[in-house]
Amino acid sequence: PVRKRISLELSGNGEALDLEILMPKGRRPRSILAGSTPVRFALKRRGTSFYACFPLRLSALGRIDLFYGPEKRMGSRSKN
């Protein structure tokens, strides 16, 4: 299957920033890369919307790729 992706190019001043990326309806984050480095993230819900949330140090700024897939249903099986 084709991996869906949200890509961002980030730049700025300061030491760090906290990102919150709104997920498309019915989709959940699978992995996030800052360049080629995996990033730990949390999934937060606000109302009916879901966000992938993660901090980044300025040294990690540049290209960010968030890979996502369909929402997993209870009792379903899928390969990751």
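Inter-residue side-chain proximity for Y51 and R46 is flagged as met; some heavy-atom pair is nearer than 4.5 Å. Using a 4.5 Å heavy-atom cutoff, the side chains of L56 and I64 are in contact. Side-chain contact between R5 and L66 is absent, with no heavy-atom pair separated by less than 4.5 Å. C53 has its side chain out of reach of L43: every pair of non-hydrogen atoms, C-beta onward, lies at least 4.5 Å apart. Y68 has its side chain out of reach of R28: every pair of non-hydrogen atoms, C-beta onward, lies at least 4.5 Å apart. Between I6 and P24 there is a side-chain heavy-atom pair separated by less than 4.5 Å. Using a 4.5 Å heavy-atom threshold, the side chains of P38 and I32 count as separate.
In E9, the CD atom is crowded: over 12 heavy atoms of neighbouring residues, nucleotides or ligands sit closer than 6.0 Å.
I21 and F67 end up in different hydrophobic clusters when Ile, Leu, Val, Met, Phe, Trp and Tyr side chains are linked at under 4.5 Å. The hydrophobic clustering, which links ILVMFWY residues whose side-chain heavy atoms are closer than 4.5 Å, places F41 and L22 apart. In the hydrophobic clustering of this structure, V39 groups with M23; members are Ile, Leu, Val, Met, Phe, Trp, Tyr whose side-chain heavy atoms approach within less than 4.5 Å, directly or through other members. Placement of F54 and L10 within a single hydrophobic cluster is found when ILVMFWY residues are connected by side-chain heavy-atom separations under 4.5 Å, directly or transitively.
Atoms CD and CZ, from E71 and R27 in turn, are 9.5 Å apart once rounded to the nearest 0.5 Å.
Remark: the backbone N or O of P70 is paired with a side-chain donor or acceptor of R30 at under 3.5 angstrom.
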